[in-house]
Structure formats: structure tokens, C-alpha cells
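Some notes on the structure that comes next.
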Amino acid sequence: MAAISKQTSWEIQKSVVFALFLRELNARFGRFTLGYLWALLEPLFFVLVLSFVRGHFTGAPIAGLPPAVFFASGVIPFILFRNIVISAIAAVDANQGLFNYQRVKSADVFAARLLVESLSIAAVSLLIFPTLRLLKQEFAYNSVLQVLAVLVLLLMFTTGIGLIFTVLGPLWIEAKKVLPLALRPLFFISGLFFPISSIPPGVRAYFLWNPLLHGLELLRGAAFVGYRSTEASWTYLFWCSTLTFAVGLAVYRLYRIRIVSSGSSR
Amino acid sequence: MIQVQNLTKSYRIEGGRHYVFRDINAVFPEDANIGIIGPNGGGKSTFLRLLGGIDHPDSGRIISNKSFSWPLGLKGGFVTHMSGRENCRMVCNLYGLPPGVIKRKLEEIKELSGIGKYFEEPVEYYSSGMGGRVGFALSMAFDFDYFLIDEVTSVGDAQFKAMAKQALEEKAKRSRVIMVSHNMGDLKRFCDMAVLVSNGGFRFFDNLDDAIRAYLPQSQESKKEVGEIIQQAAVEEIRLDDVKLPETVTDHLGVVETALASIERKLALPNLRLPSNEARFFYALATAYEKLGDQVKARDCCQRAVRHDPYHLKSHLKLASMAAHDRDTAALQKAVDAAEAIDPAHPEVLTHRMRLHLRAGASALALEKNDAALHIRPQDPDIWHLRAQILTRINRTKEAIEAQLRAVHYDLKNPARYTYLASLLATDGNLKTSQLAAHKARLLQAASSPSHPDPSLEKVAHQLQQLDASMHA
């Protein structure tokens, strides 16, 4: 082992994120097998409920996709977004024990969480979609590159919001109550269970303010042949994500000391 | 080198800010073990946290190119739902140890912390001090330039302290300590120089004794704390002015004398009416005599108590323990037989029976009784002490030492425990530690000499007055 004072920043960063990643894995999946099951069950549950509400597994296609496929492709990325953002609010308070070690910063905790959630949701996707295919749901994969591009933009957006919430959590005592509440409507307006084309034209313009709606629509278009979204805009998603990401980084940079410092304003 | 530059740190309090440090500048000498002393709330722990980089100043900075451990505190700073092992593995990962090394280090940590199977349990189940021990052991896995120690050495028993000292000595080639402690003995043991942190300023002392002398007079905030420090200092051989007997003590002595005289006068009267429960009366009187150190009268009173009530268990037990103390096997046998007839499962009955077995050479039987007694009273130093004696008899010295360490742990102020520990350690060939234990025993004996009055005196005085009042002549 190199002497501790001789380690480079990069070595330190690598070790820290790796250690926290292992810990996160252990916390989510280590103690009981239900951890794995739950990661799979939650999206499945939503997909099943929504499919039945919509009239059976084999109901009429939604914008060219079988309902189950349509719902799954909306629910899975949304769960990723929600899990990361919600856990970010408590990232500092819930991990005080970790900040006993000077090299752990709140962004590391966040990064480890992001990694675990992303990998877990990727695994779930790799399980669910081929299964749907086996169940004779008719759809065809489109472009891997485009899917990756949307995912990168969505992750940037998520990271931006997550970092902002990481800072808000400890500085604003009501954050734990208010922010989750504020996020709730997103479940209904982000196109999880309807395409943009089904929104009445009068209010459609307002719905289109929501970058998540763009993201989910673009993701479906990128993933599946035949799904065409005329209104979702790459440009809009790109700017929203880049801006949110930049603001998130800036806010974190400005407040990173305040949020872990004792005796700071609260 | 550690340089403190324009350091300011404050906390928000009701209606304003409390400044712990205001614009402080200081340079810490190179290559020294530094003790930090000062009143509570003076900023000792805050300074340690700032040094360790886990808290941040309002303004100014601490400049150093050295690596610091995290502050080793009482709680250990762990993630509570993870086991000790999981926490330690995580920290090893944090500091980039390769997997093979981690595996080895984890066993070392378990060994050094001395918490045994608790290492595999979630940290939330740890009793106070265990977390600190694991945290300390864990930090020893790394080569920090400075170990920041926040009171952690005070949690351990003698065994842990010795191990901590040894572990730090092994590190001494390339590491130094900076420690906060209220225990002046610990500071003297570990540090070369001291910093007095109070009133938002630092004062450096090249010598621990000077620092303690400068600090003690200003720490009047709580009389009790000063008392504790003086007591500790006395035990740890730091010279202080002689302590005068407080007036309250002399008062109580007066009361005791008057009450005893009155009781003895009345007992000699022919038409004396004792309180209705004679056995209990004589037992109480025996307790008082025992506390005052008059064994003959205490035994006499106990015998009168059992004459009045042959089934008074406590009196039989007291007779037994006095007989055991005088090594009077016949009397012990008699008392234990009587007590056993009343309650064969009483832990003290078991203990005395154990003693008798031991004297008769029946070690196996004694060990059996000992197991039973420990089951009822797992923290009784007497039972552990006897266990050590039994185990020595059957040549299981290592286990005997372990048992005796428990006896010491549960009865830290009793020199007899240390003396026996010393003899066991010497048998085992561990002469250095044996010397330490013997020395500790001598110090404790000195501390319990008549100039240090027994705090139970007040109780005895009160008890005697009551007894006196309950007698009617």
C-alpha cells in the first residue's frame, strides 16, 4: 500500500466510490434476498396493474407498442429517476457515520448510489424486455446508440436534480417532506402510461415543458421500431439536461462544505 | 508540520453565535506526540475534527502535508446497521487496500479490538466503548502520520489500554498521536507535550506536568470533575498538594462514635427490649462494625443474629465471608452448610462452596459450582477471582489470566485483584505486564490508605443512629 499521504486524488476517488458502491450493494441486496426481488417486483407491479387497467395484457397497442412494453419502457426509467432523487435528499443526514472518514464526500455517496441504481435497473430491463418478447408481445428493437444517448441525457438530468436535492436536504429542514410531495405529480405527467399524442392539443404545450416526458418518448422511439414521437425534441432534452447538470454541479460545488460542516446555518 | 492560520470556528446557538476559535494562529512542533487538554466545550474535540478534515472552519485554514486518521472517539463512527466486520472492510476499501491485505487486516482488527464474536454483529448492538475499541483497532491497520485520539483510550479496561499502548508504540517509528483526554494518566503515558485549549486560544507546554498544573486551577466549572482529576492524578503518580480531610467526614466520625457508645451502653443493661426483629438488628449492627473495620465485634453480632433466627441467610453468608477472609475452614464449612440448607442456589453460597471444594482440592467440583455461580452473576469479581484460582490449580494459566482480567475489570479499585493478576502473569512468563499490575496494586493500596476516607461513612453513621433509636431500655 502506498503511504496514505502519497495517494493521488484519482486513486482516492476510485477507492472511495468503489468502497461505497460495495456498501450500497450490500445495503440494498445483502441482508435479505428480497432486495433483489423487490428491485424486480416494483416495476413489474406497475406494469401489471397498468396493463390490467388498460384492458388485459393483450389490449390494443398504444402508439404502435403492446401496452406492457409501453408501460415497462416508461416505468423503469422513471423508477430510476425517482429512487435516485429521493435518496439524494437524505444522502447527507443518513450517512453521517461515513463522513467520519475525511475522504468521503457527499458527492461520493451520491455517485455510489447512482451506480447501484443504474446497474440494478439495467439488470431489470435486460430481464423484462426479452421476457415480454418470449410472451409473444410484438415489438422490435431499434438503435442501441440512440438508446444510450437518451440514457446519458436522462442520467445527466437526474444527476443535476439529485445534486441539488443533496444540498437542499441538509440546508432546508422541510425538504424531506416537501420535495417528495412535489415529485409525486411527475408520475402522472411524464408519459409513463400515455403517449404525447393522446394529450389534448389545448394543454399539450404545457405538458411539453416537462423534460422527463421528452426523455421517455425519445427513449421509446430510440428503443423500438415503429414508435414515432413527433413532438418530443432532442434539442429540448439536451439543453434541459445540460443546464440542470451544470446547475447541479455548481450548487454542489458552492455548498459542499456548508452541508457537512457543523454549526452551519440550519 | 501543522500550521494553523487565522482559524475561526463558531456554532449557532440560541440568539447568536458561539465562537470556539477566533482568528487563531499557531504552529505545532514537528515530530511530537501532542496532548490536548482544556475545559469541556473549550474546543478540544472540534479542533481534532478540523484537523481530521471532517469538519470545516468558518474561515482560515489548517495547513499540513501529513495524513491524519479520522478522530478515534468513543462511538467509533460506524454505519450502525452494518456489522463491525462489514464496517471495517468498507473502511479498508475506502483507503484502497487490496483484497488479500484486507482479509489479513480484518483478523488483526478483530484480535486487537478484543470484542470477540461481537465483531460479526451489527454495530447498533454494541455496548458503549465497543465501537471505540473497534475504531481504534481499525485505525491501526493504516500508516497515518498522525493518529487523532479523542478519549478513546479511556474506554478500555487495563487490558485494552495496554494493547493500545503497545500498538501505538509499534507505530511510533513513523506515526505520532494527537490526543484529547480527561485522563491525565493517559496523556502522560502517550504524549511528549501538551496544548491547553481554552478561551479560544492555544498555549503550548513542553512538559505534561506543567500543562496539568496550569489547567487544573482554571477548571473549576464543576467541582466533581476536579475531584475526579485529582483522584486520577493521585493514582497516576502526579504530584499534588496533600488533600485535607473534609469537615463533613470528621462530623460523621463524631456521630458514629456517639451512636456506638450509646448502643453498647444499652446492650449492657439487663432490662433491654430489642426491636421486634432481633436478627435483622444484629445483622445491621454487624454490617456497621464490618464497615468500621472491627471484625471481632462484627462476627459476634452475626452469631447473635443467627442465635435469634437460625434461618437468617444474610448473617450466615456474612459469617462465611468473614471465615473465608480469616482462612478459618472449619467456621466456613459450618456457615456454608447452614446457608446451603436455606438457599442452595444462592450465588454467594455457591461461591463459598466453591472455595471449600478448592481448599479440599476438588477442582472439578469447584469449577462446576463456579459455572453455576457465573450463570447467575456474570459480573461478580469475586466469582471470577475464584475461577482464576481454580484454573490455576489445574494448570490452565492462560484461562486463569483471562478470568482474573475479568475480575479486575469488574472491580477496578481493588488492589488484591491486581496483586493476584500480577502473580498469574509472572507464572506465565509475562514479566513486564506483571510488573505493571503489581505497581498498579501498590498505587491503589496507597490511594485507599486512611487519608482517603470511605464514602460509606455517612451511611454507617445514619444506620447506627437508627439502630440506637430502635432500642428501648
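A note on names: the letters A, B, ... follow the listed sequences, proteins ahead of strands, and every chain is numbered from 1. Side chains are part of it too, since the values below use all heavy atoms of this structure and drop only hydrogens, waters and symmetry mates. This is a predicted model, so every value here is computed, not measured.
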Problem set entry | Interatomic distance, D55(B) atom CG to N100(A) atom CG [nearest 0.5 angstrom] | 11.5 Å

Exercise. Rounded to the nearest 0.5 Å, what separation is found between the CD atom of Q96(A) and the OG1 atom of T80(B)?
Worked result: 12.0 Å

For this session: Could you list the residues that satisfy side chain to side chain donor-acceptor pair (under 3.5 Å) with R89(B), not counting sequence neighbours?
Result: none

Exercise. Mind checking what makes ring pair (Phe, Tyr, Trp, His ring centres under 6.0 Å) contact with F202(B), not counting sequence neighbours?
Worked result: F21(B), F47(B)

Exercise. Would you find a donor on one side and an acceptor on the other, under 3.5 Å apart, between the side chain of E86(B) and the backbone of N26(A)?
Worked result: no

Problem set entry | Nearest-0.5 Å distance that lies between atom CG in L20(A) and atom CG in L94(B) | 5.5 Å

Exercise. Heavy-atom count around E111(B) CD within 6.0 Å, excluding the residue itself: above 12?
Worked result: no

Problem set entry | Toward chain A, the part of S69(B) with a non-hydrogen atom under 4.5 Å | backbone

Exercise. Considering all heavy atoms of both residues, which atom of V260(A) and which atom of H56(B) are nearest to each other, and what is their separation?
Worked result: CG2-NE2, 3.8 Å

For this session: Write down the atom of Q7(A), the atom of Y95(B), and the distance for their closest heavy-atom approach.
Result: NE2-O, 3.2 Å

Problem set entry | Smallest separation among heavy atoms of M90(B) and A19(A), with atom names | O-CB, 3.6 Å

Exercise. For chain B, which residues of residues 104-123 of chain A have at least one non-hydrogen atom nearer than 4.5 Å to it?
Worked result: V104(A), K105(A)

For this session: Against chain B, label F18(A) side chain, backbone, both or neither, depending on which of its atoms sit under 4.5 Å from a heavy atom there.
Result: side chain

Exercise. Between atom CG of N87(B) and atom CG of L98(A), what is the distance when rounded to the nearest 0.5 Å?
Worked result: 8.5 Å

For this session: Pick one of side chain, backbone, both or neither for V91(B), based on which atoms fall under 4.5 Å of a heavy atom in chain A.
Result: side chain

Exercise. Under 4.5 Å, heavy atom to heavy atom, which residues of residues 244-255 of chain A contact chain B?
Worked result: none

